[in-house]
Amino acid sequence: MADVEGRLSALLGVEVVSLRRIELQSRGYTAAFHAIAELDDGGTVFVKAGADEVTSGFLRNETKVYGAVPAPFMPVFHGADEGDPPILVLEDLSASFSAPPWTDAKIDAVLALVEQLRSTVPPPRLGSAERFRADWAGNWEKVAADPEP
């Protein structure tokens, strides 16, 4: 991923010292590249890069959301490179929160965050939720039929 490191350095204006790939426990249903980049200034960022046409499309849409929805529940958006593959750079939250054990304070914080999310108006350019539902209708049944991936 040397190409990603160089593009990240150019995007952020600081040299990338290392790029540690994150192997997600479930890997989900996409093969996007996920990593923590350690920067020359001592900071770290979370990096996502498209791995194929599908994940690149998802990443471009996700980038639109980060650019259009400044909200307290969103991680800090550090930028994106629309090249091939697209790269999205966000705040590194890997050491920020551990849910269990659930306390009343943590539950209250989650409920407050859900209320903020519910009341956030999506940008018009993202399209309708009805189109999204139509595009993805039936996918939960596919997951239920083959949950292993």
Side-chain angles (χ1 to χ4, degrees), residues 1-100 109-110 112-149:
M1 293 308 291
D3 181 47
V4 171
E5 288 182 27
R7 289 169 59 202
L8 275 172
S9 294
L11 176 66
L12 299 171
V14 62
E15 197 66 32
V16 173
V17 175
S18 69
L19 192 60
R20 181 177 45 89
R21 186 174 184 139
I22 300 170
E23 293 298 333
L24 300 178
Q25 291 177 343
S26 71
R27 290 302 297 155
Y29 279 84
T30 69
F33 174 82
H34 303 87
I36 300 295
E38 182 181 345
L39 308 176
D40 192 33
D41 65 4
T44 58
V45 292
F46 175 70
V47 179
K48 288 174 77 173
D52 54 30
E53 188 176 324
V54 171
T55 57
S56 292
F58 288 159
L59 206 53
R60 287 184 178 98
N61 287 336
E62 187 175 347
T63 297
K64 289 177 188 175
V65 173
Y66 283 105
V69 183
F73 54 80
M74 300 285 279
V76 174
F77 174 68
H78 288 288
D81 179 327
E82 290 290 326
D84 188 26
I87 300 171
L88 174 64
V89 185
L90 302 171
E91 174 183 12
D92 175 14
L93 298 172
S94 60
S96 297
F97 180 76
S98 175
V110 169
L113 184 135
V114 169
E115 178 55 31
Q116 289 176 346
L117 178 62
R118 186 196 66 75
S119 63
T120 299
V121 178
R125 72 180 191 189
L126 292 180
S128 94
E130 292 306 316
R131 179 196 57 80
F132 178 79
R133 283 188 196 101
D135 287 350
W136 291 89
N139 278 348
W140 284 117
E141 288 80 11
K142 292 176 188 173
V143 172
D146 185 16
E148 187 58 33

Asks: With rounding to the nearest 0.5 Å, note down the distance linking CZ in R7 to CG in L12.
Replies: 12.0 Å

Asks: Verify side chain to side chain contact (heavy atoms under 4.5 Å, CB included) between I36 and F46, making sure each step is shown before the conclusion.
Replies: CA-CA 5 Å; I36 300 295; F46 175 70; 4.0 Å; yes

Asks: Testing the basics here: between L90 and E62, what is the closest heavy-atom pair and its distance to 0.1 Å?
Replies: CD1-OE2, 4.5 Å

Asks: Supply the atom-to-atom distance E91 CD to T44 OG1, rounded to the nearest 0.5 angstrom.
Replies: 9.0 Å

Asks: Walk me through whether M74 and V65 qualify under side chain to side chain contact (heavy atoms under 4.5 Å, CB included).
Replies: CA-CA 10 Å; M74 300 285 279; V65 173; 3.8 Å; yes

Asks: Measure the NE2-OH distance between H78 and Y66 for me, rounded to the nearest 0.5 Å.
Replies: 11.5 Å

Asks: How close do G50 and P85 get, heavy atom to heavy atom, and via which atoms?
Replies: O-CB, 3.1 Å

Asks: Run the numbers on L88 and F77 for side chain to side chain contact (heavy atoms under 4.5 Å, CB included), then give the verdict.
Replies: CA-CA 8 Å; L88 174 64; F77 174 68; 3.4 Å; yes

Asks: Where do L39 and V16 come nearest, in terms of heavy atoms and distance?
Replies: CD2-CG2, 4.0 Å

Asks: Minimum heavy-atom separation for L11 and D81, please, with both atom names.
Replies: CD2-N, 4.2 Å

Asks: Measure across P70 and A68 and return the closest heavy-atom pair with its distance rounded to 0.1 Å.
Replies: CD-O, 3.3 Å

Asks: Of the options T63, D3, L8, L59, which is the one that meets I87 in a side chain to side chain contact (heavy atoms under 4.5 Å, CB included)?
Replies: L8

Asks: For P75 and L93, work out which heavy atoms get closest and say how close.
Replies: CB-CD1, 3.9 Å

